[in-house]
2 protein chains.
Amino acid sequence: MHQDPFSVLAEPARRNILDQLRMGETSVSELVERLDLSQPSVSKHLKVLREAGFVSSKVAAQRRIYRLELERVRAIDEWLAPYRAMWTRSLDALERHLDKMEE
Amino acid sequence: MHQDPFSVLAEPARRNILDQLRMGETSVSELVERLDLSQPSVSKHLKVLREAGFVSSKVAAQRRIYRLELERVRAIDEWLAPYRAMWTRSLDALERHLDKMEE
DNA sequence: TAATTATATGCCTGTCGGGGAATATTACTG
DNA sequence: CAGTAATATTCCCCGACAGGCATATAATTA
């Protein structure tokens with residue numbers, strides 16, 4: 001089964017779905033409309049996202065409302081952290097350099 | 001060919017390679033040793049990483065020295081940014097809440 | 001209960017990408 | 001130039017998906 005968050009996000013459609021959910025909870029059919037994908041396709045992607053913990057769902061009549069779960073996105077962010085540290089260090093160095101120039 | 005940074009990073013071996021390169025420039029054979037992968041495998045992954053812009057290489061005698069290129073990692077970070085904004089907002093709210101408690 | 005809406009699932013098919021082994025290529029050395 | 005070290009590339013096989021379509025399931029309403 002898909003566990004790895006990175007491979008889950010490798011699919012553009014899934015990132016698009018998450019981007020939509022960032023704006024708020026959404027039903028499947030809303031996603032189908034907004035993303036111009038087939039309903040089965042959306043459902044399948046949602047299943048992957050759900051099993052990977054990126055989204056959760058609740059039932060509302062016949063609809064299922066999907067909601068973004070930030071936790072898993074943080075997993076990606078954690079992998080990125082040391083890299084981000086690298087470029088912020090470079091930025092800091094640049095700033096210090098510019099400060100010196102002003103003297 | 002592989003363009004999308006996310007699918008490039010979907011492969012764990014490639015993330016491992018980047019993690020190694022974070023520590024400094026490295027030759028192919030060093031990576032083979034450290035990651036316990038076959039040489040062809042490493043070379044193939046490096047090719048993908050190179051074509052996607054995650055790494056660059058220079059020639060040093062028979063060796064090729066690979067080097068991390070941060071730019072592309074930033075692409076991932078940029079996608080992540082709005083999400084990160086969300087959880088830092090939550091953190092801010094929590095802080096404000098705790099501050100109130102202290103009063 | 002029959003009909004309808006909303007969503008999930010199963011099946012099939014085609015494609016893509018990774019691993020392994022062998023081989024090609026490039027650069028260095030004697 | 002012959003030999004060797006380091007890396008790249010090719011070929012083949014196979015498993016993992018994604019898309020499309022049909023169908024199942026669940027909840028709702030008439």
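Taking a 4.0 Å limit (strictly below) on heavy-atom distances, residues 22-29 of chain B does not reach DNA chain C anywhere. Looking at residues 30-45 of chain B, you'll see Q39(B), P40(B), S43(B), K44(B) sit with a heavy atom under 4.0 Å from some atom of DNA chain D.
Q3(A) has its CD atom 17 Å from the C1' atom of dC17(D), to the nearest Å. The interatomic distance linking R15(A) (CZ) with dA18(D) (C1') rounds to 15 Å, in whole Å. Here dT25(C) presents its P atom at 14 Å from NZ of K47(B), a figure rounded to the nearest Å. Between the C1' atom of dA16(D) and the CZ atom of R14(A) lies a distance of 12 Å, rounded to the nearest Å. Between L49(B) atom CG and dT7(D) atom C1' there is a gap of 16 Å when expressed in whole angstrom units. In this structure, I65(B) places its CD1 atom 11 Å from P of dA8(D), rounding to the nearest Å. As rounded to whole Å, 20 Å separates atom C1' of dA8(D) from atom NZ of K58(B).
Using a 4.5 Å cut-off on side-chain heavy atoms (C-beta onward), L68(A) and L18(A) make contact.
By the salt bridge (Lys or Arg N to Asp or Glu O under 4.0 Å) test, E11(B) is found to be paired with no residue, residues two or more places apart in sequence or in another chain being considered. A search for side chain to side chain contact (heavy atoms under 4.5 Å, CB included) contacts involving R84(A) returns D77(A), L80(A), A81(A), W87(A), T88(A), D77(B), R84(B), not counting sequence neighbours. Partners of R15(B) under the side chain to side chain contact (heavy atoms under 4.5 Å, CB included) rule, at least two apart in sequence or in another chain, are D4(A), F6(A), W79(A), L9(B), P12(B). S43(A) is linked by a side-chain hydrogen bond (donor to acceptor under 3.5 Å, both in side chains) to Q39(A), counting only residues two or more places apart in sequence or in another chain. Contacts of A75(B) classified as side chain to side chain contact (heavy atoms under 4.5 Å, CB included), with partners at least two apart in sequence or in another chain: P5(B). S38(A) meets the side-chain hydrogen bond (donor to acceptor under 3.5 Å, both in side chains) test with no other residue; sequence neighbours excluded. Listed by chain and residue number, nothing satisfies the side chain to side chain contact (heavy atoms under 4.5 Å, CB included) test with Q62(A) (two or more places apart in sequence, or in another chain).
Residue pairs that meet the salt bridge (charged side-chain N to carboxylate O under 4.0 Å, His left out) test with at least one member in residues 38-50 of chain B, sequence neighbours left out, do not exist here.
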For nucleotides 27-30 of chain D, which of its nitrogen or oxygen atoms have a protein nitrogen or oxygen under 3.5 Å away, and what is each distance?
{"residue": "dT28(D)", "atom": "O4'", "partner": "Q62(A)", "partner atom": "NE2", "Å": "3.2"}

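Side-chain nitrogen and oxygen atoms of R63(A) include none within less than 4.0 Å of the OP1 or OP2 phosphate oxygen of dA26(D). Residue Y66(B) places at least one side-chain N or O closer than 4.0 Å to OP1 or OP2 of dA8(D).
Rounding to the nearest 0.5 Å gives a distance of 7.0 Å between OG of S41(A) and CD1 of I17(A).
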Compile the donor-acceptor pairs under 3.5 Å between side chains in residues 23-30 of chain B and protein atoms, sequence neighbours left out, one pair per line.
{"residue": "E25(B)", "atom": "OE1", "partner": "K58(B)", "partner atom": "NZ", "Å": "3.2"}
{"residue": "T26(B)", "atom": "OG1", "partner": "G24(B)", "partner atom": "O", "Å": "2.9"}
{"residue": "S27(B)", "atom": "OG", "partner": "S29(B)", "partner atom": "OG", "Å": "3.3"}
{"residue": "S27(B)", "atom": "OG", "partner": "E30(B)", "partner atom": "N", "Å": "3.3"}
{"residue": "E30(B)", "atom": "OE1", "partner": "R34(B)", "partner atom": "NH2", "Å": "2.6"}

